[in-house]
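A short write-up of the structure that comes next.
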Amino acid sequence: MQETLSIVIPCYNEEAALPSLRERLPPVLDKLDGRYSDVRVFFVDDGSTDATPRLLTEWACVEPRLTVLLHEQNRGLGAALKTGFAASRSDVVVTTDADGTYEFAEILGLLALLLPDVDIVTASPYHPEGGVEGVPAYRLILSQGASLCYRVLLDPHVHTYTAMFRAYRRRVLDEVRFASPGYLSMAELLADAVLRGFSVAEFPVVLHVRKYGQSKAKVARILRDHLGFLWALQKRVRSQKRAGL
């Protein structure tokens, strides 16, 4: 019996990215239609103030595989993901960016690694076989530094803990917990999954600089959030080790 698939794409003021997305995503969905019994895309508009909600809604009117979910106010990446996870009840869920930092065609390669004994596949530009193109140095320092800290605390075989481009089995999303409404949610989610014993595979891939619009990331806030979470995480790891888990 074929599995079902959902793709969750958070959006916030992505008007500039949508024409390219509308051109590049449907061919990928057409290929996935033959591999899954049902393929759906959930766009979560997180309180955009530009034309993003209107453009998404117009697209969904002519593309039955699309559903648009709206936040009245901007609540953050983690909140948008929770909305998408709750709406999608498929066997497999992919999360990806709307801004072109990862090619949509790479979804096929990501899913190819979701073998029966794998619970999560995460994009990994920091894997020795991955790469980065054009991303500002300050963002790389933050992301790579955070991932290194998580590797030391959790699993050294996983090189990237901060990517949103991932594939999850439903059982993971039913069990894992994350509290942050913002960008920290990606690290929280993967850290909780690792500590709960879910298996993680990496998909070496190239991370590109944002091609459309402007980044919404607030570096100082993200750094503060990672430091606070790492402090709490190391205490949780030590507690689990003492308990023999």
Side-chain angles (χ1 to χ4, degrees), residues 1-48 50-72 75 77-116 118-123 163-174 185-186 189 203 205 208 210-213:
M1 183 174 177
Q2 284 186 309
E3 294 179 307
T4 56
L5 171 69
S6 295
I7 302 174
V8 175
I9 307 179
C11 295
Y12 177 59
N13 289 346
E14 296 292 356
E15 178 181 352
L18 289 181
S20 176
L21 194 159
R22 188 165 180 172
E23 176 183 345
R24 292 155 54 213
L25 184 59
V28 177
L29 300 181
D30 292 342
K31 292 179 180 179
L32 292 170
D33 276 334
R35 305 183 187 186
Y36 294 87
S37 61
D38 185 65
V39 177
R40 299 187 181 275
V41 180
F42 292 87
F43 284 103
V44 184
D45 181 78
D46 190 30
S48 293
D50 64 3
T52 300
R54 175 178 60 80
L55 294 173
L56 288 175
T57 302
E58 291 174 353
W59 185 12
C61 288
V62 297
E63 171 53 81
R65 293 173 293 192
L66 270 57
T67 298
V68 181
L69 307 169
L70 301 175
H71 288 176
E72 292 185 3
R75 294 160 52 188
L77 175 63
L81 289 174
K82 285 185 176 181
T83 295
F85 292 158
S88 62
R89 299 308 305 170
S90 56
D91 300 312
V92 176
V93 178
V94 168
T95 56
T96 191
D97 305 86
D99 60 14
T101 51
Y102 294 101
E103 296 290 344
F104 292 108
E106 299 283 10
I107 292 174
L108 301 170
L110 185 83
L111 289 168
L113 296 180
L114 194 67
L115 302 175
V118 175
D119 298 307
I120 303 171
V121 180
T122 185
M164 187 174 73
F165 186 32
R166 293 178 186 161
Y168 304 89
R169 294 200 179 278
R170 171 54 56 183
R171 57 180 173 264
V172 177
L173 300 180
D174 286 343
S185 56
M186 303 315 306
L189 202 163
F203 176 49
V205 68
H208 301 275
R210 166 183 274 272
K211 297 179 181 179
Y212 309 97

Please report the closest heavy-atom contact between [X] and [Y], naming both atoms and the distance.
{"X": "Asn13", "Y": "Ser48", "value": "N-OG, 2.7 Å"}
{"X": "Arg24", "Y": "Pro27", "value": "O-CD, 3.4 Å"}
{"X": "Ile120", "Y": "Val118", "value": "O-CG1, 3.3 Å"}
{"X": "Cys11", "Y": "Ala98", "value": "SG-CB, 3.9 Å"}
{"X": "Ala167", "Y": "Val94", "value": "CB-CG2, 4.0 Å"}

N/O donor-acceptor pair under 3.5 Å between [X] side chain and [Y] backbone:
{"X": "Arg170", "Y": "Ser90", "value": "yes"}
{"X": "Thr52", "Y": "Glu15", "value": "yes"}
{"X": "Gln2", "Y": "Gly34", "value": "yes"}

How long is the span from the CD1 atom in Ile107 to the CZ atom in Phe203, to the nearest 0.5 Å? 10.0 Å
When rounded to the nearest 0.5 Å, the distance separating OH of Tyr168 from OG of Ser6 is 14.0 Å
Just to verify, what does [X] make a salt bridge (charged side-chain N to carboxylate O under 4.0 Å, His left out) with, not counting sequence neighbours?
{"X": "Glu106", "value": "none"}
{"X": "Arg22", "value": "none"}
{"X": "Asp97", "value": "none"}

Could you please spell out the steps behind the side chain to side chain contact (heavy atoms under 4.5 Å, CB included) verdict for Phe85 and Leu189? CA-CA 12 Å; Phe85 292 158; Leu189 202 163; 3.9 Å; yes
Whether over 12 other heavy atoms sit under 6.0 Å from Arg169 CZ: yes
Set out, in order, the CA-CA distance, both residues' side-chain angles and the distance that settles side chain to side chain contact (heavy atoms under 4.5 Å, CB included) for Leu25 and Trp59, then state yes or no. CA-CA 12 Å; Leu25 184 59; Trp59 185 12; 4.2 Å; yes
List for me each residue that meets side-chain contact (heavy atoms from CB on, under 4.5 Å) alongside [X], sequence neighbours excluded, and say none if there are none.
{"X": "Ala86", "answer": "none"}
{"X": "Arg35", "answer": "Leu108"}
{"X": "Asp91", "answer": "Glu3, Thr4"}

Only pairs under 3.5 Å count here: list side-chain donor-acceptor contacts from residues 61-72, not counting sequence neighbours, and write none if there are none.
{"residue": "Glu63", "atom": "OE1", "partner": "Arg65", "partner atom": "NH2", "Å": "3.1"}
{"residue": "Glu63", "atom": "OE2", "partner": "Arg65", "partner atom": "N", "Å": "3.0"}
{"residue": "Glu63", "atom": "OE2", "partner": "Arg65", "partner atom": "NE", "Å": "3.0"}
{"residue": "Arg65", "atom": "NH1", "partner": "Asp30", "partner atom": "OD1", "Å": "3.0"}
{"residue": "Arg65", "atom": "NH1", "partner": "Asp33", "partner atom": "OD2", "Å": "2.6"}
{"residue": "Arg65", "atom": "NH2", "partner": "Asp30", "partner atom": "OD1", "Å": "3.1"}
{"residue": "His71", "atom": "ND1", "partner": "Asp46", "partner atom": "OD1", "Å": "2.7"}
{"residue": "His71", "atom": "NE2", "partner": "Arg75", "partner atom": "NH1", "Å": "3.3"}
{"residue": "His71", "atom": "NE2", "partner": "Thr83", "partner atom": "OG1", "Å": "2.7"}

Leu32 side chain near Leu111 side chain, heavy-atom distance below 4.5 Å: yes
May I ask you to test the Lys82-Leu173 pair for a side-chain heavy-atom distance under 4.5 Å? no
State which residues pass side chain to side chain donor-acceptor pair (under 3.5 Å) with Thr122; sequence neighbours excluded, sorted by chain then number. Arg166
Sorted by chain and number, sequence neighbours left out, side chain to side chain donor-acceptor pair (under 3.5 Å) with Thr95 holds for none
Side chain to side chain contact (heavy atoms under 4.5 Å, CB included), that's the test. Do Leu81 and Met186 meet it? Break it down for me. CA-CA 10 Å; Leu81 289 174; Met186 303 315 306; 3.3 Å; yes
So, applying side chain to side chain contact (heavy atoms under 4.5 Å, CB included) with Phe43, which one of Thr57, Leu21, Leu55 is it? Leu21
Quick one: ring pair (Phe, Tyr, Trp, His ring centres under 6.0 Å) pairs with a partner in residues 88-114, sequence neighbours left out? Tyr102-Phe165
Would you check, one step at a time, whether the test side chain to side chain contact (heavy atoms under 4.5 Å, CB included) holds for Leu56 with Leu18? CA-CA 8 Å; Leu56 288 175; Leu18 289 181; 3.8 Å; yes
Can you list everything that forms a ring-ring contact (aromatic ring centres under 6.0 Å, His included) with Phe42? Sequence neighbours excluded, please. none
